[in-house]
Amino acid sequence: MSKKTKLNDCTATIALFVLIIAAASVMSVIMPDREFSPTENRMLSQRPRISLQSVMDGKFMNDYESFVSDQFFFRDGWIAFKTLTERLLLLREESKGVYFAKDDYLIESHAGTFDTDLAAQNVETLVKFVAEYAPRFEQGRFTVMIAPNAVDVLSEKLPRSAPAAKGNSYRDAIASRLPPGTFCDVLPELRARDEEYLYFRTDHHWTMRATFYAYRAFARQTGLSATEFSDCTVSVAADGFEGTVSSKVGISPKPDYIEAIVPMSAETARMHVDGMDGWYELFDTKKCSEKEKDNYAYFLGGNYSFAQIRTDSEHERRMLVIKDSYANCFVPFLTNNFSEIGILDMRYARQSVRSLIDGGEWTDVIVLYNAAGFAADESIERLLH
């Protein structure tokens, strides 16, 4: 091949590359900005307003960089292409903090999540909260459940090169700081059944099967009469679910399904959401539509600041659940034991935790988060407000 031919080939390649970048840039400008990404299940950055102050302190450039990244043309496709290229060419076992694990699992590593100042601060906040409020309740009626993440339970599925996860050490550190009988450790219950469908392959949540076992462990520790599996209706509520972890890397080796394990007590329970009219069922079948990206919202219909559940239970106990989304498929099992259940999600809540506890007639409280979510949640400080 002559030097002239090589030069022409290089020029053509460069020209094609520049053309693709230019076309993508033009399309990014022409196309209307998206507010929400159903693939990533999150709000997207919008064009920031410019001001002298935002320019001087650097905030405008940071916000504009996020805006360009979020609104870039064919963003979801580029993410998928990048991940597939890395896997094919480099045979990578991990991308963007996600392991390509056995049995088509995409498992988040949560590397660095538990080593931050915020993670340590959240432990201190929880310890102070429990010390202040637990003595107000009878023994066994104030519980903390920090659920393990998939990386800590499904360790046998991880690549051999994966370093030891730190979630369990973080949970152990929390348990050691709390009064005896307060922390409910569900890890042994889940580890004993790690071959079952306990975590979604493409999403960061645990399944309802996992929460059934977690609920059994909770009932055993607190002396409650637990719902039996035979008392539940088991079905597949949705098929083809692709969650937030697959969106993170842009690929989904094998979609999930939503397994519903519905106790009889949950079938008659009704939920009122703060700021909305009426009472609703605990399972939102509309979220199982193929048009819906977040099929996990089948449980309780999603996340709210505060919701109230009333049941047909003959028990007079009233439970307050302070939670993240891991609790959404756990709560239905509580309908067997409590006549009323309050659900507080501090990521969205406007209520004061102190006034809610002081003003309510709660007989029981459970703080239920997943470990990585708890460590990274900036709203935990509001437990003391």
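Using the six-membered ring where Trp is involved, F218 and F330 have ring planes that are perpendicular, over 60° apart on the 30 and 60° scheme.
For the 3.5 Å distance criterion, the side chains of T311 and T335 fail to qualify, holding no donor opposite an acceptor. A donor-acceptor contact closer than 3.5 angstrom links the side chains of E93 and S161. Between the side chains of T244 and H204, a donor-acceptor pair is found at a separation under 3.5 Å. With 3.5 Å as the limit, one finds a donor-acceptor pair spanning the side chains of E196 and Y213. Side-chain contact, S325 with N303: no donor N or O sits under 3.5 Å from an acceptor N or O. Checked by atom type, the side-chain pair Y197/D256 shows a donor-acceptor distance below 3.5 Å. A donor-acceptor contact closer than 3.5 angstrom links the side chains of Y215 and N337.
Residues F212 and F338 fall within the same hydrophobic cluster, defined by Ile, Leu, Val, Met, Phe, Trp and Tyr side chains chained together at heavy-atom separations under 4.5 Å. Placement of L126 and L187 in two distinct hydrophobic clusters is found when ILVMFWY residues are connected by side-chain heavy-atom separations under 4.5 Å, directly or transitively. Linking ILVMFWY residues whenever their side-chain heavy atoms come closer than 4.5 Å, directly or via other members, leaves V365 and L224 in distinct clusters. V273 and M346 sit in two unconnected hydrophobic clusters of ILVMFWY residues. Membership requires side-chain heavy atoms under 4.5 Å apart, directly or through other members. Note: the hydrophobic cluster containing F299 also contains V234 (ILVMFWY, side chain heavy atoms under 4.5 Å, direct or indirect links).
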Show, in sequence, the C-alpha distance, side-chain angles and deciding distance for L356 and L344, and conclude whether the side-chain contact (heavy atoms from CB on, under 4.5 Å) test is met.
CA-CA 9 Å; L356 185 62; L344 177 68; 3.8 Å; yes
Derivation and outcome, side-chain contact (heavy atoms from CB on, under 4.5 Å), residues K323 and V367:
CA-CA 6 Å; K323 60 92 178 181; V367 178; over 6 Å; no
Could you go step by step and tell me if D324 and F374 meet the side-chain contact (heavy atoms from CB on, under 4.5 Å) rule?
CA-CA 8 Å; D324 68 4; F374 178 84; 5.9 Å; no
Step by step, would you call R216 with E189 a salt bridge (Lys or Arg N to Asp or Glu O under 4.0 Å)?
CA-CA 9 Å; R216 299 280 297 183; E189 198 82 16; over 6 Å; no
Let me see the working for Q308 and I341 under side-chain contact (heavy atoms from CB on, under 4.5 Å), right down to the final yes or no.
CA-CA 6 Å; Q308 180 183 11; I341 303 167; over 6 Å; no
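Between atom OG of residue S289 and atom OH of residue Y298 there is a gap of 14.5 Å, rounded to the nearest 0.5 Å. Distance check: N328 CG to L282 CG gives 10.5 Å after rounding to the nearest 0.5 Å. Taking CE from M271 and CD1 from I343, the interatomic distance works out to 6.0 Å, rounded to the nearest 0.5 Å. Between the OG atom of S379 and the NE2 atom of H385 there is a distance of 10.5 Å, given to the nearest 0.5 Å. One finds the CG atom of D194 at 10.5 Å from the OH atom of Y199 (value rounded to the nearest 0.5 Å). Expressed to the nearest 0.5 Å, how far CD of E340 lies from CD1 of I309 amounts to 9.5 Å.
K287 places none of its side-chain heavy atoms less than 4.5 Å from the side chain of N295. The side-chain heavy atoms of N370 and I146, taken from C-beta on, include no pair separated by under 4.5 Å.
A distance-only check finds a donor-acceptor pair linking the side chain of W206 to the backbone of Y326 [under 3.5 Å]. Side chain of K128 to backbone of L384: no donor-acceptor contact under 3.5 angstrom is found. With hydrogens and angles disregarded, a donor-acceptor distance shorter than 3.5 Å links the side chain of N149 to the backbone of A372. Between the side chain of Q221 and the main chain of F183, a donor-acceptor pair closer than 3.5 Å is present. The closest donor-acceptor contact from the side chain of D104 to the backbone of K254 lies at 3.5 Å or more, if one exists at all.
Aromatic rings of F200 and H205 (six-membered ring for Trp) have centroids beyond the 6.0 Å cut-off, not under it.
Partners of T116 under the side chain to side chain contact (heavy atoms under 4.5 Å, CB included) rule, at least two apart in sequence or in another chain, are L118, A119. Under the side chain to side chain donor-acceptor pair (under 3.5 Å) criterion, S305 pairs with no residue at all, not counting sequence neighbours.
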Which donor-acceptor pairs under 3.5 Å do side chains of residues 129-142 form with protein atoms, sequence neighbours excluded?
{"from": "E132", "atom 1": "OE2", "to": "R354", "atom 2": "NH1", "distance (Å)": "2.5"}
{"from": "Y133", "atom 1": "OH", "to": "R354", "atom 2": "NH1", "distance (Å)": "3.4"}
{"from": "R136", "atom 1": "NH1", "to": "D358", "atom 2": "OD1", "distance (Å)": "2.5"}

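Applying the salt bridge (Lys or Arg N to Asp or Glu O under 4.0 Å) definition to pairs two or more places apart or across chains, those involving residues 144-163 are D103-K157. Sorted by first then second residue, the side-chain hydrogen bond (donor to acceptor under 3.5 Å, both in side chains) pairs that include residues 163-181, not counting sequence neighbours, are D115-K166, E124-R177, N168-R171, R171-D185. For residues 363-385, every residue pair satisfying the salt bridge (Lys or Arg N to Asp or Glu O under 4.0 Å) rule, not counting sequence neighbours, is listed here: R317-D364.
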